[in-house]
Amino acid sequence: MATHRLGCFFLLQIPVAVLLVLDGIAAAAGSEYRGKPQKKLGGGGPGGTAATALFFFGDSYFDAGNNNYINTTTLDQANFWPYGESYFSFPTGRFSNGRLISDFIAEYAKLPLIPPFLQPGNQEYRNGVNFASAGAGALDETFRGAVIGLRTQLRYYTKVKAWLRHELGDVESNTILSRAVYLFSVGTNDYTSPFLTNSTMLANSGSPSKYARMVIGNLTSVVKAIYDRGGRKFGFLNLGSLGCLPGLRILQSQTKGGGCFEEASKLANLHNRALYNFLSKMEDQLQGFRYSICDFNGALRHRMDHPSRFGFEEGRAACCGAGRYKGIYSCGGKRAMVKDFELCENPKKYVFWDSYHLTERVYRQMASEMWNGSRRRGRPYSLKLKDLLQAQGIL
């Protein structure tokens, strides 16, 4: 069933009849990023470890530009100004003014930028690769045909595994894959799409808790498949308070004070509880399974509620967009229906870059917390990401 956008927009959602590049690597026509070299990060970050491969899965919080190379719309892409302007000085396909959490984690791990899988000419996978696609969800139905879903990302990983085995042999390729860290940011699109399109998936699931179990169930199957292919170390972002994203905050009636859209935030809370239960079970059931979880929810909430404590001035409105809180998803003026947008003078003062994504400065801070651990208490135990990379004699 085709879905149609309602009054405002999220990440990458008009599921039209598009053809994903499922096999091989194809260049997207008209991409402003074509042929431009990616800037490499400097040496290892604080407390860096010896290099080990990183594989990224999920959505726009990790996507380094895969959606540049699929046949989709500008709603599904960020390969135009002002995206990327603060660090790269040109758009790379990242949904921010600069780098993402995935880029800073690579820096801490003493790796160069991990390239998108679909980037033309990218056939070197010893350091890992980025499969993430903005707009992707754990459910196959989430914006099917407009993005690279999680199961398709898994198929791409299987191709990379085969390449490593062919090029390096069984022993070396198995060593790389077992020592690698597999990082996931997924779920946001599964829970926001019911409010932003005419999707009936949530309504047809029977209840919000059943819907959350469906999402976690699909994530479980992908994680188990990677484990069966040799993966042992995994990192996860939990979900932020989705109803507080500027693009969802504007759904809340002004008569109610313009607060967060709580129905969406409740779904995120259900997901996070189910995620913790899933990880605990995996640790018990799968020998050698280790994980690190980033409290994305807490990190974002603290910066929204107390921006000045973290060096920001604005924690609710976005730097780039239109309307209340700049919640209309028009940053760059190239997306359908709404072309007008405003751009702040200094993104470093803002938590949100556009209606749904964060500024580079926030991503840097979150990556540091994920790498070194957070001082916030009350979360289930998990390894610091840097300790996860060091696990089992990595160094």
Side-chain angles (χ1 to χ4, degrees), residues 11-12 27-45 54 56 59-70 72-122 124 127 129-130 132-134 311-314 318-322 326 329-335 339-368:
L11 305 180
L12 311 168
S31 169
E32 298 182 24
Y33 179 59
R34 184 199 302 268
K36 295 183 177 181
Q38 288 203 23
K39 183 185 292 188
K40 287 191 176 183
L41 296 175
L54 299 173
F56 294 97
D59 53 31
S60 56
Y61 290 133
F62 282 170
D63 184 4
N66 277 306
N67 282 14
N68 294 345
Y69 310 109
I70 64 175
T72 188
T73 74
T74 53
L75 284 167
D76 305 331
Q77 296 172 326
N79 56 351
F80 47 86
W81 184 87
Y83 289 92
E85 54 97 16
S86 295
Y87 178 77
F88 298 97
S89 300
F90 58 86
T92 65
R94 291 167 172 81
F95 283 74
S96 184
N97 61 307
R99 291 161 290 180
L100 308 177
I101 289 177
S102 48
D103 299 315
F104 291 112
I105 294 301
E107 178 181 10
Y108 293 162
K110 295 188 176 181
L111 295 173
L113 291 174
I114 303 298
F117 175 74
L118 293 181
Q119 180 176 300
N122 176 38
E124 174 53 67
N127 290 332
V129 70
N130 191 321
S133 170
F312 303 99
E313 294 182 7
E314 176 56 61
C319 170
C320 188
K326 294 193 179 72
Y329 187 49
S330 62
C331 183
K334 292 195 174 185
R335 298 188 171 108
K339 300 294 185 182
D340 295 335
F341 72 98
E342 299 176 31
L343 179 64
C344 69
E345 292 185 4
N346 187 358
K348 291 182 179 180
K349 296 180 179 180
Y350 286 74
V351 171
F352 289 98
W353 163 246
D354 68 14
S355 306
Y356 300 98
H357 306 96
L358 310 178
T359 58
E360 178 188 76
R361 190 179 185 195
V362 176
Y363 288 135
R364 178 192 288 274
Q365 292 178 1
M366 287 186 172
S368 177

Using side-chain heavy atoms (C-beta onward) and a distance below 4.5 Å, is R94 in contact with F88?
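R94 vs F88: side chains touch.
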P116 vs N68 side-chain heavy atoms within contact, under 4.5 Å: no
| Are C344 and C320 close enough, and set up right, to give a disulfide bond (SG atoms under 2.5 Å apart), and what steps lead you there? | CA-CA 6 Å; C344 69; C320 188; over 6 Å; no
| Taking only residues two or more places apart in sequence or in another chain, which ones pass side chain to side chain donor-acceptor pair (under 3.5 Å) with Y83? |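 Counting only residues at least two positions away or on another chain, Y83 forms a side chain to side chain donor-acceptor pair (under 3.5 Å) with R335, D354.
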Donor-acceptor check, side chain of [X] to backbone of [Y], threshold 3.5 angstrom: yes or no?
X    : Y    : answer
S355 : K326 : yes
E360 : R99  : yes
N122 : Q119 : no
D63  : G93  : no
S60  : F95  : no
N130 : F62  : yes

Please report the shortest heavy-atom distance between [X] and [Y], naming the atom on each side.
X    : Y    : answer
N66  : F117 : OD1-N, 3.0 Å
Y108 : R364 : OH-O, 4.2 Å
T74  : F80  : O-CE2, 3.9 Å

query: Can a donor-acceptor pair be found between the side chains of S133 and N67 at a distance below 3.5 Å?
result: yes
Pair T359, R361: side-chain N/O donor-acceptor within cut-off below 3.5 Å: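 Note: T359 and R361 side chains miss the donor-acceptor criterion.
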*Can you sort out the partners of E124 under salt bridge (Lys or Arg N to Asp or Glu O under 4.0 Å), two or more places apart, ordered by chain and number?*
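By the salt bridge (Lys or Arg N to Asp or Glu O under 4.0 Å) rule, E124 matches R126.
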Just wondering, more than 12 heavy atoms not from N346 lying within 6.0 Å of its CG?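 Result for CG/N346: enclosed.
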